Amino acid sequence: MKFYKYQGAGNDFILFDPGVAPKDLEPDHIRFLCDRHFGIGADGVLFIQPSEKADFFMRIFNSDGSEAEMCGNGIRCFVKHLVDFRLTAKDSVQVQSLAGVHVCRTFRDAGGQVSDVEVGMGRPRYDRSASGMEGEGTFVAQLVEKDGHSFHGTAVSMGNPHLVIFEGKSIEEAEIVGPLFESHPAFPSHTNVEFVEVKGPQHLKVVVYERGSGITLACGTGACASVAAAVIEKRIEPSKPVRVDLPGGALSIRISPETGEIWMTGPAVRVFEGDIDLGVMEEDGA
C-alpha cells in the first residue's frame with residue numbers, strides 16, 4: 001500500500017491516496033500502521049473520500065483505531081496533499097469532516113508547494129451536550145475531580161469534545177493526569193484534555209492529552225478549544241489573534257468578529273512517502 005507521511009507542528013499522520021478507503025482497513029491495521037516500533041508511526045490515519053457537500057471528505061482515525069470527528073492539524077496536511085498532488089486546482093478548498101464543512105485557504109512557498117493552511121474551524125459550543133459531557137447547561141471554570149486530583153475546567157466543543165484546564169503541566173505531568181480526565185465518567189465517550197498556561201497577552205502555552213492518541217506534540221482543535229475557553233473565562237481579548245505554543249510548534253488562532261468562527265493557521269509538512277505490506281502484521285502476529 002502506497003502511503004504518505006505528514007506532520008503539522010509535530011502532530012503526525014499517515015495519508016493514503018483516494019483509492020484506499022476506511023473499509024479497507026480494520027482497527028488492528030490502524031494500530032499497526034501508527035505503531036512507532038513495528039509500523040510507520042503516527043498519531044492518526046487520514047483518508048480522502050468523496051463528498052456531496054464539499055470538495056472532499058476527510059476521515060480521520062486515531063492511533064488506537066477509533067474514529068475522530070475532526071483534527072485541526074490533520075486537515076492542514078490533508079489539504080496540502082490535495083493541492084501539491086493536484087487532486088484539486090483550487091487554492092481555497094472546502095473539506096467535510098464528521099464535524100461539518102471547513103473552508104481551507106492555502107499559502108505557498110517559493111517553490112509553489114503549500115507551506116501553511118488557514119482553516120475555518122467553526123464556532124465553539126459550550127453546552128454540555130455538544131461537548132460530550134453529561135448534564136445540562138454549560139460547564140465553565142467549574143470544579144472537576146478524579147482520583148485525588150482536582151481542577152477547574154471548561155467544556156468546549158470544536159466539533160469534538162474538550163476539557164480545558166488553566167493550569168500548566170509538563171508533558172510528563174500531563175501523561176499522568178491526562179488519562180484520568182480523558183476517561184472521566186462525566187464524559188461517557190471520553191474527551192480531549194488541555195492543560196493551559198497564560199504566558200502573556202494573546203499568548204497561550206498548551207499541552208494536550210488527546211482522546212484515542214494520548215500525548216501529542218500538537219492538537220489543532222485543542223488549540224482552538226483553549227482559545228475559546230480563554231475567551232469565555234475572560235483571560236484573553238477575543239478581537240485579537242492569539243499565539244498558541246504547543247510542544248511541536250506554534251499555531252495562530254483568530255476569531256471572526258462578524259461570525260464568531262475560529263480560524264486556525266499553521267504549517268503542514270510532507271515528511272516522506274513509501275509502501276507498506278500489511279502482510280507483515282499477520283506474519284509478526286501483531
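Here the structure is a predicted model, which is why all the values come from computation and not from measurement. Position 1 is the first residue of the sequence, and the numbers go up from there.
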- [ ] Would you check if the side chain of N192 reaches a backbone N or O of P161 as a donor-acceptor pair within less than 3.5 Å?
- [x] yes
Task: Joint hydrophobic cluster, M133 plus V208, side-chain heavy atoms closer than 4.5 Å - done: no
TODO: Take V79 and T106 through the side-chain contact (heavy atoms from CB on, under 4.5 Å) test and state the conclusion after the steps.
DONE: CA-CA 8 Å; V79 170; T106 59; 3.5 Å; yes
TODO: Indicate whether the side chain of S51 and that of Q96 have a donor and an acceptor atom separated by less than 3.5 Å.
DONE: yes
Task: Contacts of S189 that satisfy side-chain hydrogen bond (donor to acceptor under 3.5 Å, both in side chains) - sequence neighbours left out - done: none
- [ ] Kindly confirm or rule out a cation-pi arrangement of R235 over F166, judged by NZ or CZ under 6.0 Å from the six-membered ring centre and within 45° of its axis?
- [x] yes
Task: From I48, V20, V45, residue fulfilling side-chain contact (heavy atoms from CB on, under 4.5 Å) relative to L15 - done: I48
Task: Expected output: side-chain D64 to main-chain S66 donor-acceptor under 3.5 Å - done: yes
Open item on the list: Other residues, nucleotides and ligands only: do more than 12 of their heavy atoms fall within 6.0 Å of NZ on K205?
Closed with: no
- [ ] Treat each ILVMFWY residue as a node, draw an edge where side-chain heavy atoms are under 4.5 Å apart, and state whether L163 and V177 are in one component.
- [x] yes
Task: Residues, nucleotides or ligands: over 12 heavy atoms within 6.0 Å of K2 NZ - done: yes
Open item on the list: Between D109 (side chain only) and G112 (backbone N and O only), is there a donor and an acceptor less than 3.5 Å apart?
Closed with: yes
Distance-only donor-acceptor pairs under 3.5 Å for side chains of residues 193-200, two or more places apart:
from	atom 1	to	atom 2	distance (Å)
E194	OE1	H162	ND1	3.3
E194	OE2	H162	ND1	2.9

Open item on the list: Ignoring hydrogens and geometry beyond distance, is a side-chain donor-acceptor pair present between N160 and T221 at under 3.5 Å?
Closed with: yes
Open item on the list: Checking the side chain of T88 only, and the main-chain atoms of K90 only, is there a donor and an acceptor separated by less than 3.5 Å?
Closed with: yes
TODO: Taking H81 for its side chain and F78 for its backbone only, find out whether a donor-acceptor pair lies under 3.5 Å.
DONE: no
TODO: For side-chain hydrogen bond (donor to acceptor under 3.5 Å, both in side chains), just list the numbers for E233 and T154, CA-CA rounded to whole Å, side-chain angles, deciding distance to a tenth of an Å, and then say yes or no.
DONE: CA-CA 9 Å; E233 291 192 28; T154 292; 2.5 Å; yes
TODO: Taking the side chain as every heavy atom from C-beta outward, state whether I255 and V242 have any pair of such atoms under 4.5 Å apart.
DONE: no
Open item on the list: Assess the residue pair M121 and M70 against the criterion (side-chain contact (heavy atoms from CB on, under 4.5 Å)); give the C-alpha distance rounded to whole Å, side-chain angles, the decisive distance to 0.1 Å, and a yes or no.
Closed with: CA-CA 9 Å; M121 299 290 288; M70 173 56 178; 3.7 Å; yes
Open item on the list: Under a 3.5 Å distance rule, please check whether R128 uses its side chain to pair with a backbone N or O of E134 as donor and acceptor.
Closed with: yes
Task: M1: which of L25, D24, D277 passes side-chain contact (heavy atoms from CB on, under 4.5 Å) - done: L25
- [ ] Return the orientation label for the H184 and F187 ring planes: parallel under 30°, perpendicular over 60°, tilted otherwise.
- [x] perpendicular
Open item on the list: If you take the centroid of each ring, where Trp contributes its six-membered ring, are F47 and F61 closer together than 6.0 Å?
Closed with: yes
Open item on the list: By the definition salt bridge (Lys or Arg N to Asp or Glu O under 4.0 Å), identify the one residue from R105, R108, K80 that meets it with D91.
Closed with: R108
TODO: Test ring-ring contact (aromatic ring centres under 6.0 Å, His included) on F151 and F181 and set out the steps.
DONE: CA-CA 10 Å; F151 301 100; F181 290 86; 5.4 Å; yes
Open item on the list: Please determine whether side-chain hydrogen bond (donor to acceptor under 3.5 Å, both in side chains) holds for the pair S213 and T216, giving the CA-CA distance in whole Å, both sets of side-chain angles, and the decisive distance to 0.1 Å.
Closed with: CA-CA 7 Å; S213 295; T216 56; over 6 Å; no
Task: Smallest separation among heavy atoms of I215 and A174, with atom names - done: CD1-CB, 3.7 Å
Open item on the list: Taking the six-membered ring of F3 as reference, does the cationic atom of K5 (NZ for Lys, CZ for Arg) lie under 6.0 Å from its centre and within 45° of its axis?
Closed with: no
Open item on the list: Counting C-beta onward and ignoring hydrogens, is there a side-chain heavy-atom pair between R76 and T265 closer than 4.5 Å?
Closed with: no
Open item on the list: Is there a continuous path of hydrophobic side-chain contacts, each under 4.5 Å between heavy atoms, that joins V244 to I165?
Closed with: no
Task: Under 3.5 Å: donor-acceptor pair, side chain of D84, backbone of Q113 - done: no
Open item on the list: For the backbone of A54 and the side chain of E52, can you confirm whether one donor and one acceptor N or O come within less than 3.5 Å of each other?
Closed with: no
- [ ] Step by step, work out the side-chain contact (heavy atoms from CB on, under 4.5 Å) result for E182 and E210.
- [x] CA-CA 8 Å; E182 184 260 0; E210 284 198 47; over 6 Å; no
Open item on the list: Quick test of your reading: applying salt bridge (charged side-chain N to carboxylate O under 4.0 Å, His left out), list the pairs with at least one residue in residues 244-254, sequence neighbours left out, ordered by first then second residue.
Closed with: E118-R254, R243-D245
Open item on the list: Taking I60 as the starting point, is it possible to reach L33 by hopping between hydrophobic residues whose side chains are less than 4.5 Å apart?
Closed with: no
TODO: Dump the intermediate steps for ring-ring contact (aromatic ring centres under 6.0 Å, His included) on Y4 and F85, then the final yes or no.
DONE: CA-CA 11 Å; Y4 304 85; F85 283 88; 5.1 Å; yes
Task: Side-chain donor/acceptor of S131 to backbone N/O of D127, under 3.5 Å - done: yes
Task: Hydrophobic cluster identity match, L87 and V117, side-chain contacts under 4.5 Å - done: yes
Task: Distance, nearest 0.5 Å, that separates OG of S239 from CD1 of I236 - done: 10.0 Å
TODO: Count the heavy atoms belonging to other residues, nucleotides or ligands that lie under 6.0 Å from CZ of R59, then report whether that count exceeds 12.
DONE: yes
